[in-house]
Amino acid sequence: MATFLDARTLPAGTTLSPDLAIIGGGPAGISLALALAQSGFSILLLESGGLHFERKIQDLYDGERTGVAYVPLDGGRLRFLGGSTNHWGGYCRPLDAIDFEKRGWVPHSGWPFGQDALAPYYPRAQSLVEAGPWLYDKAAPVAAAQGAPLPLAEGGLYTSWFQFSKTRGGVLPTYFGHRYENDLKRAAHVTPCLHASVTGIRLSHDARHVDHLDVATLAGNRFTVKPRFVVLACGGMENARLLLVSNDVMTTGIGNANDLVGRFFADNPIPRDVGTLVVFSGQLAPYYGNSMAMDANGPVLRAVFSPRADFARARRVVGSLTTVENPVKLDPLGVAAVEATAEALGVDASNARAWSLGCGMEMLPDPDRRLTLTDERDALGLPRLKLAMSIPDSDFTNYNLTLAELGRQLLAARVGMVRINHHARDQWLAAMDWGNHHLGTTRMSEDPKQGVVDANSQVHGVANLYVAGSSVFPTYGSSNPTLNLLALTLRLGDRLREVMA
Amino acid sequence: MNRRAILGGGAAAVAALAAGAAWRFTHLFGYRPTPYDDLLNQIVDRVPAAALGKVARTAKPGFDDPRALASVLRQPGFTLAGRAPRDAAEGRVVEVSGWILPETVAAYAALAARYS
């Protein structure tokens, strides 16, 4: 079994010439390297960090924030082998078909292809995250042994399911670096190179293709990689940063002729205590509140409430996944509302119980929510990032329409009620948390004026440069991105097999 | 403490409990007459309805006007037990202090709040 290459041991002036250089050893980079390991192409996987967290490497991620309070730029991602899977929660769910559509009420929406284009890649992605059999919207029969789902009357929401990444032995979740370290070492044509930070993507004079990569280590080594093809796979913030700082030929940055790189930054907001759920019977299956294994070796599931596509179209709402969180005690008005309503509905609420609701939301694309470069430089001399973060009130009011529909469906089924807890902006912002899902900064579109990469994830106009990861998502959905970016990366792998041959 | 004081304290406590129970379970003994008893008598326990109604009165135009409310609620088929269970299925819900309620429940509660 081979060992990893340590860039700190490479002599100055070294030039490596692989067929493919993958920049970034996170879930996308590792999965792509393994997907192409049998292709016969030589693959160099460049990872800025090592096998474990190092403060000085992590500091390369630091940056500024303006606008709405957001996670520190070095806090929501990790810079060592495995990337941000080293702290992910393991939540998996495929994007919905509607997430790919051009939605008239969602500006800048529409992927260049539909969900069907990713469908062939989901099984392998599911295997990579080790989330068990593909169940999701068909998980209810599997979960039935733990209790029946809440019956919802006909309407806009339905019970959907998260599945969870689970490594062998049942430890949650799959840390890609740790899990696939030996697979990378065993892959004959893959050379993982640690502590190798790419500091520039250098184009040919005509800007039509990548000529070479400048690579550096914090120890001072500098060397060159001259690959035939390059895939940028270092996350939704760093992908944009590397394109922007590589401005020696294209002065506004690679792929940025139309000022799109870094724009449309998004995350999945996960505000807490968005609502209160009352169940008249007091009975709620445990898989609502917690992820739980269905049996010792079975899938780990959690039920959520998701809007149906026809409801989203009719009410002009976007994606959301409403979760049941912690038991709560009702105030006197809440008790009165439950008693009066249950009496009128003719149901017994003497054992009623209440839970807080949380949610994961989809943001509307916004070109002004963006990453730009600052004058401050990191230890390798690269300009740091500044994030201008925002979230409009319409994202909140939009979600409350969905929550009200959930309440209506529970009432119509005579099983429970919902209270909407946040209305004012300050209430929402006080409850705000973020998924640390960095999305959209190198968005995909067939039109170079609307996107940084095309439908094959190739940077417009640069023949041998591709981008992997959720930075290419033109709209975001409310599902956690890892499973989906893996499917997209595996699709890119097939494309690379064709073009590199 | 002498015997008289103990008996007096006990009697006061019993009286307070009885008063509280009488207030809480007024409906067991009957409510004060109102011009809308045909409607309010459909509510078994007016105490929670009235508490809810205090905030429901502003939930929708007309909810703060007993005559306007009564004119609606006295229409055929507007009984609380008959209409409230159908409200949500037929899309008639209203938000009251965040709570998503059948519109008829909120309307009756608003009326109850005026006469409690």
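The chains referred to below are lettered A, B, ... by the order of the sequence lines, with proteins before strands, and numbering in each begins at 1.
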* **Nearest-0.5 Å distance that lies between atom CZ in A:Arg408 and atom CZ in B:Arg92** => 11.0 Å
* To do: Of all the heavy-atom pairs spanning B:Pro102 and A:Thr341, show the shortest one and how long it is.
  => CD-CG2, 3.9 Å
* Straight-line distance of B:Ser97 OG to A:Ile420 CD1, nearest 0.5 Å -> 11.0 Å
* Structure fact -> Cut-off 4.5 Å, heavy atoms of chain B, and the answer for A:Val347 is neither
* B:Gln42 portion near chain A, given a 4.5 angstrom heavy-atom threshold -> backbone
* **Whether over 12 other heavy atoms sit under 6.0 Å from B:Gln75 CD** => yes
* Structure fact -> A:Ala344 and B:Val105 have their tightest heavy-atom pair at CB-CG2, 3.4 Å
* Side chain / backbone / both / neither for B:Val96 at chain A, heavy atoms under 4.5 Å -> neither
* Structure fact -> Honestly, the part of B:Ala51 sitting under 4.5 Å from a heavy atom of chain A is both
* Structure fact -> Here the gap from B:Leu80 atom CG to A:Glu343 atom CD, rounded to the nearest 0.5 Å, amounts to 7.0 Å
* To do: Please state whether the side chain, the backbone, both or neither of A:His423 comes within less than 4.5 Å of a heavy atom of chain B.
  => side chain
* If you round to the nearest 0.5 Å, how far is CD1 of B:Ile100 from CG of A:Leu403? -> 7.0 Å
* Contact check, side chains of B:Leu101 and A:Met417, non-hydrogen atoms, under 4.5 Å -> yes
* Asked: Is it the side chain or the backbone of A:Ala337 that comes within 4.5 Å of chain B heavy atoms, both, or neither?
  -> both
* Are B:Asp87 and A:Leu411 side-chain neighbours, meaning at least one heavy-atom pair lies under 4.5 Å? -> no
